[in-house]
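Presented below is the structure to which this report refers.
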Amino acid sequence: MQHSNIITKNNDGSLNVPEVVTLPFIEGDGTGPDIWRAARLVIDGAVKIAYNGSRKIHWMELPAGEKGYAQTGDYLPQSALDAIKHHVVAIKGPLTTPVGKGIRSLNVSIRQKLDLFACVRPVKYIDSVPSPMKHPEKIDMVIFRENTEDVYAGIEWEANSDDARRVIGFLTGQMGALIPADAGIGIKPMSEKNSKRLVASAITHAINNGYPSVTLMHKGNIMKFTEGAFSKWGYEVARERFGNVTITEAELHDAYAGKQPEGKIVIKDRIADMLFQQVLLRPEDFGVIATPNLNGDYISDALAAQVGGLGMAPGANIGDECAVFEATHGTAPKYAGLDKVNPGSLILSGAMMLDYMAWKEAAMLIRVSIQRAIQSKTVTYDLARQIMGATEIACSAFGRAIVHHMTP
Ligand code: NAP
């Protein structure tokens, strides 16, 4: 059959994944080819060992980034976007943002053009990874960051430009605002529909993965009709669509004397600055975090640092139609082609991808064996410089070491 190797999606969002599946990949720029080679070895190794050869991935390369430009004259060819949509699931390395080519960021373009509205970042401690926290093992959170609006859809006008003057003229003349004449202006939209679909996907993730709470992170004490509305809409969608499995924090205290009932997820909200304190002081109180774009940008990287840095942090951008799993760091161009950097972020994104495809045994095998590789202290430079007595190995050797640890 012509399409028998392609994932399809059911109306309820679940996937039909064939045993032999074709998945597109973008290897990425800079260090992308190095980490992709290592990640591919690990993903293929895990699938082979977990399923004894009965499942297999056929990889299909998509040209994008510098390779895309060299082959097609386009950094992000439409054919690559179409292929991701068609295959439902894809994985990518980091892409350089071309400077002075009128493109803000290829990564942001991919998210927006494919309507991948949720940037999902699990943050969980891997034993033996150096961390600045006293108890990093208490951290087990998943951030759902809105990917299509807030500052990603923000509009700005430069101070003293004609446009800024016109906007200021309108706001002061017709809306009664008080704005200095020489101000730069920024506007950010946040809508009910897009906020609700993000929070709904966060709650669904909490339900499917056994997280006890979903925290709505916002700055609604200052920006009531954007950030504050995000929180209000979050509570609304929890009540409207998940009323049988969610309770609010107020209900937890009033109706259940503070004891979380079996089978219920607590929906709570926190002002962004307070949440930054609380994830340091009481990380065990937080599970899934749903948040608008800019807050999500900050908290994702801060939490990644709490468990050992961006070199190991996996991520995915997920929409209704398709999902792209990606390394969360950039192209680290000074190390390009040196076979040096840590492929952990892309490898763990691969594990997330396998989980998403319900190939959970292979995903678990990757997580267990990356932990064993780190515990054995033969690691890439970034970890070696922080782990006492560690031996530095190359990116490719680290990939091979992980595969080696898959078999007892
Ligand atoms: P970067 O590529 O993330 O690199 C910054 C530093 O982070 C590196 O110098 C290195 O630190 C460390 N690092 C990054 N990846 C690592 C890895 N795999 N293993 C170990 N350490 C790693 O950030 P950047 O230099 O700001 O950005 C470079 C390019 O990447 C830009 O064009 C940017 O637009 C793009 N970018 C792409 C993405 C994406 O595709 N999702 C994300 C961010 C940036 P040390 O110097 O301490 O060794």
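All figures in this text were calculated on a predicted structure; none of them were measured in a lab. Order of listing sets the numbers, starting from 1, for every ligand and every atom in it.
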For [atom], what's the nearest protein heavy atom and its distance?
atom	answer
atom 8 (C) of ligand 1	A332 CB, 4.2 Å
atom 16 (C) of ligand 1	H329 CG, 4.0 Å
atom 19 (N) of ligand 1	N342 N, 3.0 Å
atom 20 (C) of ligand 1	Y381 OH, 3.5 Å

For [X], counting its heavy atoms only, list the atoms of ligand 1 lying under 4.0 Å from any of them.
X	result
K92	40 (O)
R385	45 (P), 47 (O), 48 (O)
T96	32 (O)
K334	9 (O), 46 (O)
Y335	45 (P), 46 (O), 48 (O)
N107	37 (C), 38 (C), 39 (C), 40 (O), 41 (N)

Exercise for the section: Kindly identify the option in L95, T97, D382 whose heavy atom sits closest to atom 34 (O) of ligand 1. Expected result: T97
Completion exercise
Among V108, T380, T331, closest by heavy atom to atom 29 (C) of ligand 1 is T331
Exercise for the section: Look at atom 5 (C) of ligand 1 and say whether a protein heavy atom is found at less than 4.0 angstrom from it. Expected result: no
Problem - Heavy atom of protein closer than 4.0 angstrom to atom 43 (C) of ligand 1 - result: yes
Are side-chain heavy atoms of [X] and [Y] found at a separation under 4.5 Å?
X	Y	value
N52	S54	no
T291	L216	no
I203	T246	yes
P33	E27	yes

Check this for me - ligand 1, [X], N or O atoms closer than 3.5 angstrom, yes or no?
X	result
G330	yes
R111	no
V341	no

Exercise for the section: Tell me yes or no: between the side chains of Q277 and D273, is some donor less than 3.5 Å from an acceptor? Expected result: no
Practice task
Please check if any side-chain donor atom of Q375 sits under 3.5 Å from a side-chain acceptor atom of D127, or the reverse.
Solution key: yes
Practice task
Salt-bridge test for D34 and R37: reply yes if a basic N is under 4.0 Å from a carboxylate O, no otherwise.
Solution key: yes
Exercise for the section: Look at R367 together with D355 and state whether they make a salt bridge at an N to O cut-off of under 4.0 Å. Expected result: yes
Problem - ligand 1-proximal atoms of P333, by part, heavy-atom distance under 4.0 Å - result: side chain
Practice task
Record the part of M312 in heavy-atom contact with ligand 1 below 4.0 Å; permitted values are side chain, backbone, both and neither.
Solution key: neither
Exercise for the section: Determine, for F286 and K268, whether the Lys NZ or Arg CZ falls below 6.0 Å from the six-membered ring centre while staying within 45 degrees of the axis. Expected result: yes
Practice task
Report, as yes or no, whether the 6.0 Å neighbourhood of atom NZ on K9 holds more than 12 heavy atoms from other residues, nucleotides or ligands.
Solution key: yes
Exercise for the section: Mind listing the closest non-hydrogen atom pair of M352 and A316 along with its distance? Expected result: CE-CB, 3.7 Å
